[in-house]
Amino acid sequence: MIFSPFSGQNRSPNTNIRNKRATPAYLLGNTSARTIHSKVNRRAGTVTIRMIMSTNSELAELFRTAAAVMEIKGEPVFKSIAFTKVARLLEEMPDDIRQAVEDGSISRMEGIGKSSRKIIEDYIRTGVSPDVEELKTSIPAGLIPMLQVPSLGPKTIALFWKQRGITSLDELKVALESGKLEGLKGIGAKKLQSIREGIELLSASGGRKGLVEALDIAGQILKQVRSIPGVKRAQIAGSLRRWKETIGDVDILASLKQSDHSGSDVTEAFTRFPQVTRVLGRGQTKASVLTASGLQVDLRIVPDDHFGAALQYFTGSKEHNVKLRSIAQTQGMTLNEWGLYRIEDYDKSDKQTGKPPEAKPVASKSEPEIYSALGLSYIEPELREDRGEIELAQNNRLPKLIELSDIVADLHTHTTASDGQNSIEQMVEAALRLGYKTLGITDHSKSQVIANGLSVERLLAHVKQIRAIAERTRGIRVLAGCEVDILSDGSLDYEDAVLSELDFVIASPHVSLKQDGEKATNRLLRAIEHRYVNIIGHPTGRLINARSGLHPDWSRVFESAKQAGVALEINAGWPRLDLNDINARSARSAGVMLSINTDAHSVDQLDQMILGVSVARRAGLEKSDVLNTLEPRDLMSFFAKKR
DNA sequence: GCCGTTTTCGGCCCGACTGTTTTCAGTCG
């Protein structure tokens, strides 16, 4: 893993020194976390919030709705599981599903059967699916949002509807107050109370939290868990360990020093942490709390001998684990949070709740042991999404993921010349401290008036100044670049004669981010083919949880970038992370070079490189896929090839 | 609903916690 709180397996020992400089202090809960937060909020706060949906995401939502309706209707669970899988497939598909329908490749897609194909085809042709519409009318529409309420599931929703006529969240609230729901079989006072709290929780939390906020809180709480008497080791698990861009809740796993030590004492101490505003549940091996910001944190306790199995289990993803368990089954084994067991040794009825099974596990102490016993090479947490990593592991063909210590350049940074907060010299010093061999200074171009974009005269003076500093600086190559706006028609914000003065050029879209896919494609293609462009910065312009950004035809963009020798950026700045993991993955398989840059507007923000590396790792990128791992000389020849 | 070199029918991952229960259903991850 990349740094200590998440430290796992298989990190090469020679990265230790570099990791020291790279350890993000904010993870441990000190001040620079707050710096990132304030920057993020300031940047995100200026942004108009409106999502544009692509066909894929519209259809994904349609399938999720259909799945929800089937759950409430009480149809066999596997039907709704199948539709949920289709929804996920659509969301993660880099290309427009309309293309697959047109060329017929949809009929070969695994997981999309006859019914799903019909829904997709109908929807693309007419904008509506009669099958789903019919399904939707079979229950009141208001029941579907009720599934979002924690502790309220499809069975109970159906019960309230059929027995008490509840058809919406508002009616549910009224009924809870009036006592209308009392006297139902299987529903007591406590259940009603937990539904009341669930409704409250839903309005308070407001959905998934961003990675950066979750890292901050998780870092603080992890430190406190490690200091509870009786705790032997503790580690972050869950989607945070996989570095997902948004986090539903934080999972922390702890083991006990001695097996006779009580887990109950530990969960008790955990629920009394200062950050805790509400205790959602507490048992021998598990506790759940809510923090002031509305983030849920779960603590799980296991015997130390089972730490690896539990870490694997609670790191997920759920989809990854489901597939692993089915592989275990085909090999006559069963996999659970306690370990991997041979079925003939494993007597389920004999098992005590909250205690490891009597049987001797095939593997349980460490994650590598478990993967190995299943005939798989070790899969890094960032890859565990069931996006083909298990099949690669079976054939020993997993990529060797890029690490933070492989990064020797940051090619997208701002200074006080435009809207940055530090001088060229300060940025150079900070880059030297990070051990970088190249730093690209890339302030904004003239159209970015809000960001104090540089007029031609100011740009030329700025370049001169960068060159002077570069001249007298040892140990790092300082490049005079620019982040040039890609205007809405794909033309650039400076004339060629101006661009030719620069060492390299990043071209980025900042405006017209709601234009349609065809326009967006042509816009990006034109920029890529431009003689002086070397990198496309934050290619979609999306902001996590705020703006969906451009939806170009990626296959054309990738093909063009590959041919032209232009790198596509993984912008490491929060809340951009653009390209995202899915697009970066398909860019890689199309043979495109990626460039991970922080877009730092201050020296502190240079630390966000780790976020970009996490996206790259989730995308399965190796060192050789990333421009920023090149020595200055090789980097310059990559740029030179373009002109 | 989807899938198939052990299946075109019969499978489809597993356990903890909670609440309403005297043996289990629902929810969650």
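Computed from heavy atoms alone, side chains included, the values below leave out hydrogens, waters and symmetry copies. Below, read A as the first sequence line, B as the second, and so on, with proteins coming before strands; counting in each chain starts at 1.
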Roughly how many Å apart are [M] and [N], using the [atom1] atom of each and rounding to a whole number?
N: B:dT21; M: B:dA25; atom1: P; result: 13 Å
N: B:dT20; M: B:dT27; atom1: P; result: 13 Å
N: B:dG1; M: B:dT7; atom1: P; result: 24 Å
N: B:dT8; M: B:dC12; atom1: C1'; result: 16 Å
N: B:dC28; M: B:dT23; atom1: P; result: 26 Å
N: B:dT22; M: B:dA16; atom1: P; result: 22 Å
N: B:dC13; M: B:dC17; atom1: P; result: 23 Å

Classify the angle between the aromatic ring planes of A:His320 and A:Tyr371 as parallel (below 30°), tilted (30 to 60°) or perpendicular (above 60°).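 Ring orientation, 0 to 90° scale: tilted.
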Counter-base of B:dT8, judged by Watson-Crick or G-U geometry with both distances under 3.5 Å: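 Partner of B:dT8: none.
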Hey, is B:dT6 sitting syn or anti, using the within-90° cutoff around 0?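 Nucleotide B:dT6 adopts anti.
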Report the residue from A:Glu380, A:Glu382, A:Glu385 that forms a side chain to side chain donor-acceptor pair (under 3.5 Å) with A:Arg242.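 Of A:Glu380, A:Glu382, A:Glu385, side chain to side chain donor-acceptor pair (under 3.5 Å) with A:Arg242 is met by A:Glu385 alone.
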At under 4.0 Å, does any side-chain N or O of [X] touch on OP1 or OP2 of [N]?
X: A:Ser115; N: B:dC2; value: yes
X: A:Gln329; N: B:dC14; value: yes
X: A:Trp338; N: B:dA16; value: yes
X: A:Asn321; N: B:dC13; value: no

Under 3.5 Å donor-acceptor pairs involving side-chain atoms of residues 67-79 of chain A, not counting sequence neighbours:
unit_1  : atom_1 : unit_2   : atom_2 : d
A:Lys73 : NZ     : A:Ser138 : OG     : 3.3
A:Glu75 : OE1    : A:Lys79  : NZ     : 2.6

Heavy atoms, side chains only, cut-off 4.5 Å: are A:Glu367 and A:Thr315 in contact?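 Side-chain contact under 4.5 Å: yes.
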Are any of the side-chain heavy atoms of A:Ile228 and A:Phe273 separated by less than 4.5 Å?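 Sidechains of A:Phe273 and A:Ile228: in contact.
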Please determine which of A:Val250, A:Val289, A:Asp249 meets the side chain to side chain contact (heavy atoms under 4.5 Å, CB included) test together with A:Gln296.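 The single option meeting the side chain to side chain contact (heavy atoms under 4.5 Å, CB included) with A:Gln296 is A:Asp249.
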Write down the distance between [atom1] ([X]) and [atom2] ([N]), rounded to a whole number of angstrom.
X: A:Leu340; N: B:dC14; atom1: CG; atom2: P; value: 11 Å
X: A:Ile106; N: B:dC2; atom1: CD1; atom2: C1'; value: 14 Å
X: A:Leu374; N: B:dC14; atom1: CG; atom2: P; value: 12 Å
X: A:Arg88; N: B:dG1; atom1: CZ; atom2: C1'; value: 17 Å
X: A:Lys323; N: B:dC3; atom1: NZ; atom2: P; value: 12 Å
X: A:Leu253; N: B:dA16; atom1: CG; atom2: C1'; value: 14 Å
X: A:Ile119; N: B:dG1; atom1: CD1; atom2: C1'; value: 9 Å
X: A:Phe83; N: B:dC2; atom1: CZ; atom2: C1'; value: 10 Å

Identify which nucleotide among B:dC3, B:dC2, B:dG15 has an atom closest to any side-chain atom of A:Glu110, counting heavy atoms from C-beta outward.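 Given the options B:dC3, B:dC2, B:dG15, the side chain of A:Glu110 is closest to B:dC3.
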Name all residues meeting the side chain to side chain contact (heavy atoms under 4.5 Å, CB included) criterion together with A:Asp304; count only those two or more places apart in sequence or in a different chain, and write none if there are none.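 A:Asp304: side chain to side chain contact (heavy atoms under 4.5 Å, CB included) contacts with A:Lys232, A:Arg233, A:Ser255, A:Phe307.
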Less than 3.5 Å apart, which donor and acceptor atoms pair up between the side chains of residues 99-106 of chain A and the rest of the protein, not counting sequence neighbours?
unit_1   : atom_1 : unit_2   : atom_2 : d
A:Asp103 : OD1    : A:Ser105 : N      : 2.9
A:Asp103 : OD1    : A:Ser105 : OG     : 2.7

Protein-proximity profile, nucleotides 19-29 of chain B, B/S/- by nucleotide at the 4.0 Å heavy-atom cutoff, equals SSS----SSSB
Check for a donor-acceptor pair, side chain of A:Thr126 on one end and backbone N or O of A:Asp122 on the other, with a separation under 3.5 Å.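 It does hold such a pair.
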For DNA chain B, determine which residues of residues 70-81 of chain A have any heavy atom closer than 4.0 angstrom to one of its atoms, and list them numerically.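 DNA chain B contact set from residues 70-81 of chain A: A:Phe78, A:Lys79.
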Between A:Arg282 and A:Arg117, which is nearer to the 5' end of DNA chain B once each is assigned its nearest nucleotide?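 Taking each residue's closest nucleotide, the earlier one in sequence belongs to A:Arg117.
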Output a table of donor-acceptor pairs, distance under 3.5 Å, between side-chain atoms of residues 326-335 of chain A and any protein atom two or more places apart or on a different chain; print 'none' if there are none.
unit_1   : atom_1 : unit_2   : atom_2 : d
A:Ser326 : OG     : A:Lys323 : O      : 3.0
A:Thr330 : OG1    : A:Ile327 : O      : 2.7
A:Gln331 : NE2    : A:Leu374 : O      : 3.2

With a cut-off of 6.0 Å (strictly less than), are more than 12 heavy atoms of other residues, nucleotides or ligands near CZ of A:Arg342?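 Not buried by this count: 12 neighbours or fewer within 6.0 Å.
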